[in-house]
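Have a look at the structure below before the remarks.
As a basis for the values below, the full set of heavy atoms in this structure was taken, side chains included, without hydrogen atoms, waters or symmetry mates.
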Amino acid sequence: MTSLTLAYPESTIHEATAATIIRVLEANDIEPEIVTGPKQALADLLHKGEIDIYVAAWLPDEDSDLLGAGTTQLGRLFQPEACCCISDENSTLTSLSDLAQAGQGIARTIVTPQSLTKRMEQVLRTYNLAEAGFTLEVLPDEEALARLNAALAAEQPSLLPLFQPCFLFHQGGLRILNDPHKAMGGEMEATLLLRDGLRDELETDLVDELDELMLSAKIISAMDYAMRVEGMSADEAAEAWQRGKLLPR
């Protein structure tokens, strides 16, 4: 096999993840045809067998609808997780359980990426935050990330709902709050999805290499930062990681 179709949703996190896979494929003399788009459109193509490799399903919470007859999971790339942070790495707050009793020093409006709406609604219910005056301002993900990035420089601390990995974790200046009741959900696994039969069509060495590829939320966050802030392409960020230039030794 010298070519295949590789797909990923339109986000820098998924583009960064895909860049690491593309470099592995190209090193094995496979030139992938790249398809991007909304996740639902890619899901339809995957279920029709028109995508060879999907990068990458976050299981079980986010992408369980991508599974089914005709798809095979491969690899454990990294562990994505939804979390709540406070925009003050020196804050004395350590847990979501503390927020309802916290003083008025914390902004009561929580700018929330649309993809995290249901999780944050659960957080408000679980930790009685609505009664403490907290409300959600739900925005499209990219617009919300811009607002949350700006909040890191604001004098008044804010609550930041984020998926990890994200460039903001590499940038720093925030603290992840404990979530003892798991209102944001648990840790997930990012995995490749292969169309039915593809695993048997690929060389065993390539399957093993993809299966054993170990990234991390820290690596993908750093790649996301390199792309968003430093202007690197996804391939340049992947190369910088491979050469050990992306993260401090």
side-chain contact (heavy atoms from CB on, under 4.5 Å) between M120 and M184, intermediate numbers included
CA-CA 7 Å; M120 285 307 299; M184 291 289 279; 3.6 Å; yes
Go through the steps for V24 and I30 under the test side-chain contact (heavy atoms from CB on, under 4.5 Å), then give the verdict.
CA-CA 9 Å; V24 172; I30 294 178; over 6 Å; no
side-chain contact (heavy atoms from CB on, under 4.5 Å) evaluation trace for L206 with L25
CA-CA 8 Å; L206 174 56; L25 295 175; 4.1 Å; yes
Evaluation steps, side-chain contact (heavy atoms from CB on, under 4.5 Å), between L42 and L66:
CA-CA 9 Å; L42 298 181; L66 295 175; over 6 Å; no
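The OG1 atom of T126 lies 11.5 Å from the CD atom of E121; values are rounded to the nearest 0.5 Å. To the nearest 0.5 Å, atom OG1 of residue T71 and atom CD1 of residue I51 are 11.5 Å apart. One distance of note links CD of E209 with CG of L202; it measures 11.5 Å at 0.5 Å rounding. Rounding to the nearest 0.5 angstrom, the gap separating the CE atom in M188 from the CZ atom in F163 is 5.0 Å. Residue L59 holds its CG atom at 8.5 Å from CD of E189, rounded to the nearest 0.5 Å. Separating the CG atom in L192 from the CG atom in L77 is a distance of 5.0 Å, to the nearest 0.5 Å.
With R175 contributing its side chain and S91 its backbone, the two residues share a donor-acceptor pair below 3.5 Å. Here the side chain of R228 pairs no donor or acceptor atom with the backbone of A226 at under 3.5 angstrom. Formation of a donor-acceptor pair under 3.5 Å by the S221 side chain with backbone atoms of A217 is found in this model. T20 places no side-chain N or O within 3.5 Å of a backbone atom of A238 that could act as its donor or acceptor partner. Using modelled atom types, no side-chain atom of N178 and backbone atom of S95 make a donor-acceptor pair closer than 3.5 Å. The backbone N or O of R76 sits nowhere less than 3.5 Å from a side-chain atom of T191 that would complete a donor-acceptor pair. The backbone N or O of I110 sits less than 3.5 Å from a side-chain atom of T112, completing a donor-acceptor pair.
Between W58 and H14, some side-chain heavy-atom pair lies under the 4.5 Å cut-off. A 4.5 Å side-chain heavy-atom check between L74 and L198 finds every atom pair outside the cut-off. E31 places a side-chain heavy atom less than 4.5 Å from the side chain of E26. Residues E33 and S3 fail the side-chain proximity criterion, which asks for heavy atoms closer than 4.5 Å. Looking only at side-chain heavy atoms (C-beta outward), L145 and L162 come within less than 4.5 Å of each other. Side-chain contact between H170 and V229 is absent, with no heavy atoms from C-beta onward closer than 4.5 Å. The shortest side-chain heavy-atom distance between Y225 and L246 does not fall under the 4.5 Å cut-off. Side-chain contact between D179 and C84 is absent, with no heavy-atom pair separated by less than 4.5 Å.
I13 approaches P165 most closely through the heavy-atom pair CD1-O, 3.5 Å. Minimum heavy-atom separation, A237 to M227: CB-CG, 4.2 Å. Nearest heavy atoms, F78 versus P80: O-CD, 3.3 Å. The shortest non-hydrogen separation linking Y54 to K39 is OH-CG, 3.6 Å. The minimum heavy-atom distance between H47 and D65, with the atom names listed, is CE1-O, 3.4 Å. Counting all heavy atoms, side chain and backbone alike, A56 lies closest to A190 at CB-CB, 4.4 Å.
With sequence neighbours excluded, the residues forming a side chain to side chain contact (heavy atoms under 4.5 Å, CB included) with Q156 are A107, listed by chain and number.
No chain of hydrophobic side-chain contacts below 4.5 Å, direct or via other Ile, Leu, Val, Met, Phe, Trp or Tyr residues, connects L124 to L139. Both L6 and L215 belong to a common hydrophobic cluster when Ile, Leu, Val, Met, Phe, Trp and Tyr are linked at side-chain heavy-atom distances under 4.5 angstrom. In the hydrophobic cluster analysis, where Ile, Leu, Val, Met, Phe, Trp and Tyr join through side-chain heavy atoms closer than 4.5 angstrom, Y8 is grouped together with I21. In the hydrophobic cluster analysis, where Ile, Leu, Val, Met, Phe, Trp and Tyr join through side-chain heavy atoms closer than 4.5 angstrom, F169 is grouped apart from L96. I220 and L116 fall within a single hydrophobic cluster, where Ile, Leu, Val, Met, Phe, Trp and Tyr are joined by side-chain heavy atoms under 4.5 Å apart, directly or via other members.
Counted within 6.0 Å of CZ on R23, heavy atoms from surrounding residues, nucleotides or ligands total more than 12; the atom is thus considered enclosed.
No option in K118, R119, R125 other than R125 meets the side-chain hydrogen bond (donor to acceptor under 3.5 Å, both in side chains) test with Q122.
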